[in-house]
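Whatever order the structure lists them in is the order used to number ligands and atoms, beginning at 1. Positions are given from 1, in the same order as the sequence printed here. If you're wondering where the values come from, they're calculated on a predicted model, not measured in any experiment.
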Amino acid sequence: MTNDPSGPAIETSGLVKVFGETRAVDGVDLVVPRGTVYGVLGPNGAGKTTTVKMLATLLRPDGGEARIFGKDVVHDANDVRSLVSLTGQYASVDEDLTGTENLVLLGRLLGHRPAAARVRAAQLLEAFGLADAAAKQVKNYSGGMRRRIDIAASILNTPDLLFLDEPTTGLDPRSRNQVWDIVRAVVAQGTTVLLTTQYLDEADQLASRIAVIDHGKVIAEGTKGELKASVGAGSVHLRLRDAARRAEAVALLETALAGVQVQLEPDPVALTARVGDGDNGNGAAAQAAAALAELARADITVDNFSLGQPSLDEVFLALTDRPAGAETQEAAA
Ligand SMILES: Nc1ncnc2c1ncn2[C@@H]1O[C@H](COP(=O)(O)OP(=O)(O)OP(=O)(O)O)[C@@H](O)[C@H]1O
Ligand SMILES: [Mg+2]
């Protein structure tokens, strides 16, 4: 690893954190380029928060090393703290104060003069769609408003690196979209964002690179395109007219298209076939066409059909043999 301050925003090597019997973080290597959103994707208990806390100097690693803009999180912890800001599964705002009072207070703590703190607070409340709620106590905010004021509080001073730990967990779709817009705006100002999420579509929307973690280990890393390509060139999504014929359709497709994996969807008429570049050089579209022809020959009616890149859900399933968010047997026991 390098201590070059113009190097990556984050670089870790063999990072470990142990709680009793649990290796919460078990040898994590990450390189997070500057000026981007980097997604850390993993189910409950994967080790996301523990990783973030070590990078933000809130927890001391039990092994390995981590550098933030070249500064070591243990030996140069004070330098690191001046470069990072953290929001997420931690309280930063005071429930009894209003939106304005919170932001002005934090601005004052950061050394802004009173007038400047008030201007900055008003700007952020406006930008985050909280102007109407500025004079309300934060305890009366909805979940989405609360998340937005948390992020606003963490970017009072534009940090070089912002940790967002599951910023949209539990939010409705509209509030999630608002938070996503805020994240995009923060990155546009030059901040590097490390975003943890359990939502594959969130990583897909925001992140340029993604590390998938499970049981404290990075099980895949790359750009979205690379991760998707690792599970095949594309996916054919089919909806049949008749749920009773689904098993037959699966058998037919698996025989006709040797090597194609067919997956059942929760919807009883839906299935997904993952198609790659076949051995014979046929592309995904040609294989999809062959699949449709096969079903038509057997008189299985297809109501709906689409060909797309695999979703990150499918990537997770391919990497772990279980859907994202599903408990593992040990974890459930
Ligand atoms: N302070 C602690 N003491 C003991 N065990 C802990 C502690 N913090 C975390 N763990 C354990 O370490 C593992 C990783 O937890 P962590 O909170 O990092 O996961 P996560 O990926 O953030 O999960 P979530 O999506 O639920 O927030 C889990 O098995 C958890 O129970
Ligand atoms: Mg967590």
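For the salt bridge (charged side-chain N to carboxylate O under 4.0 Å, His left out) condition, no pair includes a residue of residues 190-200, sequence neighbours left out.
Looking at heavy atoms from C-beta onward, R60 lies out of side-chain contact with M54 at the 4.5 angstrom threshold. L161 places a side-chain heavy atom less than 4.5 Å from the side chain of F69.
For G42, the heavy-atom gap to ligand 1 stays at 4.0 angstrom or more. Using a non-hydrogen distance threshold of 4.0 Å, G216 does not register as a contact of ligand 1.
Annotation for ligand 1: atoms under 4.0 Å from non-hydrogen atoms of N44 are 23 (O), 24 (P), 25 (O), 26 (O). Near E166, the atoms of ligand 1 lying under 4.0 angstrom from a non-hydrogen atom of the residue are 24 (P), 25 (O), 27 (O). Of all atoms in ligand 1, numbered sequentially from 1 with element shown, those under 4.0 Å from a heavy atom of A46 are 19 (O), 20 (P), 21 (O). The contact set between ligand 1 and Q198, taken as ligand atoms under 4.0 Å from a residue heavy atom, comprises 25 (O).
Under the 4.0 Å criterion applied to side-chain N and carboxylate O atoms, E65 and R67 are assigned as salt-bridge partners. Note on R245 versus D242: no salt bridge recorded, every NZ/NE/NH1/NH2 to OD/OE distance being 4.0 Å or above.
Using modelled atom types, no side-chain atom of Q205 and backbone atom of E202 make a donor-acceptor pair closer than 3.5 Å. Side-chain atoms of S175 never come within 3.5 Å of backbone atoms of L171 as a donor-acceptor pair (strictly under, hydrogens ignored).
In terms of polar-atom proximity, G47 is counted as a contact of ligand 1, with an N or O under 3.5 Å from an N or O of the ligand. Checked by distance only, ligand 1 and G45 come closer than 3.5 Å through their nitrogen or oxygen atoms.
Closest heavy-atom approach to atom 22 (O) of ligand 1 among the candidates T49, D26, V40, T22: T49.
With 2.8 Å as the limit, T50 does not count as an N, O or S neighbour of the Mg ion (ligand 2).
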